[in-house]
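Each remark here refers to the structure printed beneath this line.
Residue numbers begin at 1 in each chain, while the letters A, B, ... track the order of the sequences.
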Amino acid sequence: MAQIRPLMRLQVSLAPHAVDRLQKQRPHVTCSERLAGLETQAWDLAGQEFNLASPKQLGVILFEKLKLVDKPKKTKTGQYSTAEEVLSYLAKDHTIIQCILEYRGLSKLKSTYVDALPEQVLESSGHIHTEYMQTVAATGRLSSNNPNLQNIPIRTPRGQQVRKAFIPRDKEHVLVAADYSQIELRIIAALSKDLGMVDAFQNNEDIHSATAAKVFGVSLENVTREQRSNAKTVNFGIIYGVSAFGLSQQTSLTRTESKELIETYYATYPKLRNYIQDQIDFARDNGYVSTVLGRRRYLKDINSQNAIVRGAAERNAVNAPIQGSAADIIKLAMISIQKELRNKNWKSKIPNFYRKKYFKKT
DNA sequence: AATTTCACG
DNA sequence: ACGTACGTGAAATTA
């Protein structure tokens, strides 16, 4: 059995000044000071000291002492859940909730990125080196670790500041990003051969607006923000194997409204329903599903007697060919790009290939 | 070592 | 009546 080793390492540098700047909230407030202030404020609102970073202690404060809600949601081990989606749904107007959420966001960025990444700059190269793993993700995607460079923040303003710390090695280099637009929805459009969805892509339409227009029966320019947002959620839901309950959790819609929306969606893109059912049927008969390049995901639970377990396997049967085919296509693109750069004798490159001996831990 | 939470696609 | 979105990795807390 050949040993599985990382495919390659990607090197990126960190800007020292950006890293310094990230320590500071405002000119004279460091992250640590802000975090301490938030914890003190939370203690004040709770009427006692506790570890704000401890979900266990926090659950007791919120749901036993302050009794913020009647029926707190529990985790699978019976603890009170204090996950962000629970807190903001239950009581986003409470000052203590706002403290918790800002504390969580700030401490996440500080511990996982601002503090950890500079530690990972390799002395011998002066760069950050990640490992890409070829044989970890069940769908065929690459994964990244030590450090994970596939989850560098970008969604929030503070997160964008973190991402800005990544710079090319010197003035002679630039970082280039290449990315497919809506690749998973394009794949499901192509595989299902649903002409409505194919047409929307071929006409270069915003797929979420186009979906909203069709589903809600309005013209493209009259789609409201809420309609587009709901259509977007269903589009993603389809990729994951949507349920009415799941959709209602992700939107402000009730379960009944969600069910109707899904029905209307399938009426809009009728071949998607066939495609999804065909994938589930194939998995049931064969025990696996395939991507466009023939990569298989085996689904041992597809015929389980347990409806919950079977349901999860059915969602995998829908999702794996889509997510996995996207991974196939992106890997082909990486190869094409690499070849093109070489053929043109350009200095630009995708990562240097991994050579263990060059990257011994120091 | 397991759990919880949260960063990304 | 049940429980439910797909795929990862890392840090802090808890057991």
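Only A/R297, A/I308, A/R315, A/N316, A/N319, listed by number, bring a heavy atom of residues 287-319 of chain A to less than 4.0 angstrom from any atom of DNA chain C.
In this entry the distance linking CD1 of A/I187 with C1' of C/dC6 reads 14 Å, nearest Å. Atom NZ in A/K74 sits roughly 16 Å away from atom C1' in B/dT3 (whole-Å rounding). We find that CZ of A/F245 is positioned 17 Å from C1' of C/dC6, with the value rounded to whole Å. Between the C1' atom of C/dC6 and the CD atom of A/Q279 lies a distance of 15 Å, rounded to the nearest Å. One interatomic measurement links the two molecules: CG of A/L142 to P of C/dG9, which rounds to 11 Å at whole-angstrom precision. When the P atom of C/dT4 is taken as reference, atom CG of A/L253 falls 21 Å away, rounded to whole Å. Here the P atom of nucleotide C/dA12 and the CG atom of A/L58 are 17 Å apart, to the nearest Å. Between A/N235 atom CG and C/dA5 atom C1' the separation is 14 Å, expressed in whole Å.
Residue contacts for A/T233: at a heavy-atom cut-off of 4.0 Å it reaches a base atom on one of the strands shown. Within the nucleic acid shown, A/T112 comes within 4.0 Å of sugar-phosphate atoms alone, with no base atom in reach, counting heavy atoms only. Here A/A138 lies in heavy-atom contact (under 4.0 Å) with sugar-phosphate atoms only. Within the 4.0 angstrom heavy-atom criterion, no nucleotide atom of any strand lies near A/G241. Residue contacts shown for A/A244 are absent, as no nucleic acid heavy atom lies under 4.0 Å away.
Side-chain atoms of A/K56 lie closest to C/dA15 of the nucleotides C/dA15, C/dT4, C/dA12. Picking from C/dT8, C/dA5, C/dA12 the nucleotide with the shortest atom distance to the side chain of A/S111 gives C/dA12. Candidate nucleotides C/dA11, C/dT4, C/dG9 were compared by shortest atom distance to the side chain of A/N145, and C/dG9 ranks first.
A donor-acceptor contact closer than 3.5 angstrom links the side chains of A/Q323 and A/T139.
With a cut-off of 3.5 Å on both pairing distances, C/dC2 has no Watson-Crick or G-U wobble partner at all. In this structure, C/dA12 forms a base pair with B/dT3, meeting either the Watson-Crick or the G-U wobble geometry with both donor-acceptor distances under 3.5 Å.
Remark: the A/S143 side chain and the C/dT8 base include no donor-acceptor N/O pair separated by less than 3.5 Å.
Checking side-chain atoms of A/T291 against main-chain N and O of A/P321 turns up no donor-acceptor pair under 3.5 Å. In this structure a side-chain-to-backbone donor-acceptor pair under 3.5 Å is missing from A/N203 to A/E205. No side-chain donor-acceptor contact under 3.5 Å links A/S144 to the backbone of A/Y132.
If you find the closest nucleotide of DNA chain C to A/Q57 and to A/V136, the one lying nearer the 5' end belongs to A/V136.
Taking the P atom of each, C/dC2 and B/dT5 are spaced 23 Å apart, rounded to whole Å. B/dC6 sits 16 Å from C/dA5 when the P atoms are compared, rounded to a whole Å.
At least one side-chain heavy atom of A/K331 sits under 4.5 Å from a side-chain heavy atom of A/Q134. Here the side chains of A/I276 and A/I238 are in contact, with some heavy-atom distance below 4.5 Å. Side-chain contact between A/R104 and A/L87 is present, with at least one heavy-atom pair separated by less than 4.5 Å.
Below 30°, between 30° and 60°, or above 60°: for A/F282 and A/Y288 the angle between ring planes is above 60°, a perpendicular geometry.
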>> At under 4.0 Å between heavy atoms, how does the protein contact nucleotides 4-9 of chain B? Give one character per nucleotide, 5' to 3', with B, S or -.
In response: SSBBBB
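Between atom OG of residue A/S32 and atom CG of residue A/D115 there is a gap of 7.0 Å, rounded to the nearest 0.5 Å.
Of all heavy-atom pairs spanning A/E257 and A/T254, the tightest one is OE1-N, 2.8 Å.
Using a 4.0 Å cut-off between charged nitrogen and carboxylate oxygen, A/D281 and A/R284 count as a salt-bridge pair.
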